[in-house]
Amino acid sequence: MIRVLSLIFVLSAVWLLLSGHYDTVFYGLGAVSVALTVWVSARMKVIDHEGHPFHIAGRVFIYFPWLFWEIIKSNIDVARRVLSPSLPISPRVFVVQASQKTAVGRTIYANSITLTPGTVTIDVRGSELEVHALTEASAEGIQSGVMDAHATRFEGTG
Amino acid sequence: MDASLDLVCWVLILVGGAFGITGGIGIVRMPSFFTRIHAAGMAETMCAPPILLAMMIQAGWSLVTFKLVLILIFLFLTSPTASHALAKAALHGGVPPVDPGADDR
Amino acid sequence: MFVAATVAILVTMVLAIVRTLLGPTVYDRILAVNMFGTKTVLLIAAIAFMSGRTDLLDIALVYALINFIGIVAVLKFFEYGEFSRGGRGRP
């Protein structure tokens, strides 16, 4: 129930900020839209810890700055390799274990790997992620497990 | 608008543009499909945020900034999903992930 | 300032088009088109700031969503050969 209220709050805020008009007609249209969206979501049974994971929202502000810093570092590395005339790449595929317990946590981890240039998650089988890495250094970066630990901390206990 | 803020915007736009063009060069230069994904990912993660950030600084605190933040969030949520879907579809479609002799001709 | 951003984005789009035309497999082409789409979002935003018509940002927002959905739909079509098939466990 608290997830439904939170979804209503988020949707209303997005409506008000995106429309930019504040009069009765737009309030009415917004209320109808929010009600319709929440009803359809409830019917699809997607308002659960997967579809609306607001319990991890607070830790976003710890995880994302770290992830951004990682992205910037690996971007500079990949850019250097792309621009160097000899194209020093050594693509490889390896399997890495995700230590997250929930599907949300594993999704966050897999997407973080994909978001970081130089590594892409190409397949997921249970808790095993198949990763394609552009270079040995970027493969070692994932295999060291630092990002895994950060994603597990972001996922939390429930 | 402050002159120093303008300078920050210029730097951000030049960084974003440089990474975008580098990603474009990468997508043309890279030898096989799975290596091209990395170049495209670079163009997506390092080209859009600095340019959108510069626009946010130019716009100041307004609804425009909120829309830019929303564009940034959408791009950041959808680009890894699209990359992963592409990689998985290519894998199932029979593109070899590691092929040292691969050539794009 | 945004003229510089537009020029950089356009150069990137030209390079993406080159890969779209060259791309040996269909996935290369989809990858390049996806990149072209995200750059289009940025281009619309830059044009919005150049012309001072920030309403265009709404279009950029919608384009970002449509681009993603379009790419996923095309990928699904090439993987399953149809749009209407459900995921695993769903008929």
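The sequence lines fix the lettering, A, B, ..., with proteins before strands; numbering per chain opens at 1.
C/R19 contributes no side-chain N or O that, together with a main-chain N or O of C/A32, makes up a donor-acceptor pair within less than 3.5 Å.
Evaluated for a side-chain contact (heavy atoms from CB on, under 4.5 Å) with B/M55, the options B/L68, B/T65, B/L12 yield exactly one hit, B/L68.
Rounding to the nearest 0.5 angstrom, the gap separating the CZ atom in C/F36 from the OG1 atom in C/T20 is 7.5 Å. Rounding to the nearest 0.5 Å places CZ of B/F34 at 5.0 Å from CG of B/L91. Of the inter-residue distances, the one linking B/T22 atom OG1 with B/M42 atom CE reads 5.5 Å to the nearest 0.5 angstrom. Note: C/L10 CG to C/I17 CD1 = 11.5 Å, rounded to the nearest 0.5 Å. To the nearest 0.5 Å, atoms CG (B/L70) and CG (C/L57) are separated by 11.0 Å.
Comparing C/L61, C/V41, C/T54 by heavy-atom pairs within less than 4.5 Å of chain B, the highest count is held by C/L61. Interface summary for chain C: among B/A87, B/A43, B/A18, the most heavy-atom pairs under 4.5 angstrom belong to B/A43.
Among residue pairs with one or both ends in residues 49-78 of chain B, those qualifying as salt bridge (Lys or Arg N to Asp or Glu O under 4.0 Å) are B/K67-C/D58; sequence neighbours excluded.
Contacts between B/I37 and chain C at a heavy-atom distance below 4.5 Å involve backbone atoms as well as side-chain atoms. B/L75 touches chain C through its side chain: at least one heavy atom from C-beta onward sits under 4.5 Å away, while N, CA, C and O do not. With a 4.5 Å cut-off on non-hydrogen atoms, B/F33 touches chain C through its backbone and its side chain both. Contacts between B/I13 and chain C at a heavy-atom distance below 4.5 Å involve the side chain alone, from C-beta outward.
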Is there a side chain to side chain contact (heavy atoms under 4.5 Å, CB included) between C/L15 and C/M35 once you walk through the steps?
CA-CA 10 Å; C/L15 290 165; C/M35 187 169 152; 6.0 Å; no
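Of residues 44-52 of chain C, those residues with a non-hydrogen atom less than 4.5 Å from any non-hydrogen atom of chain B are, in numerical order, C/A45, C/A46, C/F49.
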